Protein chains: 2
Amino acid sequence: MQHSENAQGVEDVVWAPPRRFGPRSAPARRAILEAARARFAEDGYEKTTIRAVAADAGVDPAMVMRYYGSKADLFDATVRVASDLEDLTKVPREEIGRRFARAMLGRWERGENKPEAAALRAAPTHPEAARSVQRSFNEHVLPALRRAFPDDPDIETRAGLVLTQGIGTALLRYVLEIEPVASMDYETLIEAVGASIQRHLTAPLGSAA
Amino acid sequence: MQHSENAQGVEDVVWAPPRRFGPRSAPARRAILEAARARFAEDGYEKTTIRAVAADAGVDPAMVMRYYGSKADLFDATVRVASDLEDLTKVPREEIGRRFARAMLGRWERGENKPEAAALRAAPTHPEAARSVQRSFNEHVLPALRRAFPDDPDIETRAGLVLTQGIGTALLRYVLEIEPVASMDYETLIEAVGASIQRHLTAPLGSAA
């Protein structure tokens with residue numbers, strides 16, 4: 001398991017923009033974040049309120065605002081915290097697609113993806129949730145793939161293509177529950193999606209005519 | 001351009017569940033459908049009302065209900081009408097993936113996809129919109145691929161995989177506008193997505209361990 005590091009080199013488990021807080025605030029910030037993850041997952045983006053999160057965490061709403069700035073930033077923090085991608089630099093290149101598929105979809109399959117599910121559910125109608133998807137790509141997906149393919153000048157394009165396959169699968173199987181994707185055998189799905197992601201990572205990219 | 005046929009063998013351009021109406025009602029039904037497409041596209045699923053659609057079409061709200069049954073059915077009709085997939089049986093097998101990608105994404109690229117965009121935007125939070133995505137798969141995507149691969153017993157699984165890649169691309173590029181997918185060169189995108197779809201259609205399917 002791996003978390004991205006912020007500019008200060010601090011592990012991104014507890015993240016609060018834009019100010020920094022001392023270690024004494026860590027338990028409160030963690031409690032707020034856990035309460036927010038549960039609320040966003042259960043009630044969705046729109047219905048979740050700072051007041052409800054504060055009550056669940058046993059703190060004053062002003063403290064939520066002080067640590068997280070806004071509902072959008074708090075939401076963003078729940079999604080960032082949840083990202084985990086194994087270190088792909090240690091995986092043989094021809095295995096990276098399958099491993100990436102497993103790392104990304106495994107959390108959904110095990111039901112550990114509530115913040116991402118809330119983000120994906122809210123993204124089409126809430127620009128701040130769509131921005132969380134973009135940040136998750138910029139700060140987790142792209143860096144992990146860049147480290148695995150340091151010499152590929154097209155890695156950003158490739159990572160975008162990887163995301164189309166990965167998010168499309170998560171959306172159809174876990175959020176919209178479209179058949180036959182929703183009940184497809186998981187290993188069959190991982191093989192196919194993993195091979196498609198591998199293709200996006202390593203096959204020649206077509207160019208404009 | 002091709003439309004699916006319903007059980008009566010009537011072309012599915014004007015569709016009204018569950019009753020059938022005579023040809024005299026066709027202009028009114030068409031006006032309602034056009035008004036509904038515009039409203040759903042502009043205001044989204046939630047904010048669109050039967051009353052507003054009726055006013056736009058210049059008919060009584062009761063007529064909308066009579067012809068389309070409910071807001072959910074009306075929404076569904078706007079999505080079904082918009083589907084068009086060329087006859088893939090005339091395309092060489094090794095070209096079907098790319099052709100399918102072009103047929104599906106071309107409408108989005110040209111901005112002709114408003115009903116699908118409304119459906120995809122509404123689907124994560126409105127089960128009736130998610131059902132429209134499922135019906136569009138069942139009645140357009142799957143039959144088109146079944147006709148192109150009549151002997152493949154796994155075509156339903158394959159078609160589901162095709163949809164993960166196709167909808168993931170549409171969502172990221174056109175609905176969420178996630179970079180670099182949103183501004184990726186269109187031909188590069190079609191090549192990569194088309195090759196991925198081709199893989200889903202023709203590569204060996206992995207099986208469970």
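This one's a predicted model, so the numbers in the text were calculated from it and none came from an experiment. In what follows, every chain begins at residue 1, and chains take the letters A, B, ... in the order their sequences are listed. The figures that follow rest on heavy atoms only: side chains count, while hydrogens, waters and symmetry mates do not.
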Residues A/Glu191, B/Leu205; criterion side-chain contact (heavy atoms from CB on, under 4.5 Å); working and verdict: CA-CA 8 Å; A/Glu191 284 299 315; B/Leu205 278 181; over 6 Å; no
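Both the backbone and the side chain of B/Arg121 come within less than 4.5 Å of a heavy atom in chain A. For A/Glu46, no part lies near chain B; criterion is any non-hydrogen pair under 4.5 Å. Both the backbone and the side chain of B/Ala195 come within less than 4.5 Å of a heavy atom in chain A. Of the atoms belonging to B/Leu171, it is side-chain heavy atoms, and not backbone ones, that fall under 4.5 Å from chain A. Both the backbone and the side chain of B/Val133 come within contact range of chain A, judged by heavy atoms closer than 4.5 Å.
For CZ of A/Arg93, the number of neighbouring non-hydrogen atoms (other residues, nucleotides, ligands) closer than 6.0 Å is greater than 12.
Minimum interatomic distance between B/Arg199 and A/Ser196 (heavy atoms only, all atoms of both residues): CD-N, 4.2 Å.
Of the listed residues B/Ala192, B/Ala122, B/Ala159, B/Ala130, the one with more heavy-atom pairs under 4.5 angstrom with chain A than any other is B/Ala192. Your options are A/Ile178, A/Ile197, A/Val193, and the one with the most heavy-atom pairs under 4.5 Å with chain B is A/Ile178. For the set A/Thr169, A/Leu120, A/Val181, A/Val175, the entry with the most heavy-atom pairs within less than 4.5 Å of chain B is A/Thr169. Here B/Thr157 is the residue among B/Thr125, B/Leu142, B/Thr157 with the most heavy-atom pairs under 4.5 Å with chain A.
Using a 4.5 Å cut-off between non-hydrogen atoms, the part of residues 160-168 of chain B that approaches chain A consists of B/Gly160, B/Leu161, B/Leu163, B/Thr164, B/Gln165, B/Ile167, B/Gly168.
A donor-acceptor pair is defined here as one N or O able to donate and one able to accept, closer than 3.5 Å; no such pair exists between the side chain of B/Glu156 and the backbone of A/Pro180.
Sequence neighbours left out, the pairs with a member in residues 108-134 of chain A that pass ring-ring contact (aromatic ring centres under 6.0 Å, His included) are A/Tyr45-A/His126, A/Trp108-A/Tyr174.
Rounded to the nearest 0.5 angstrom, A/Leu172 CG and B/Gln134 CD are separated by 8.5 Å.
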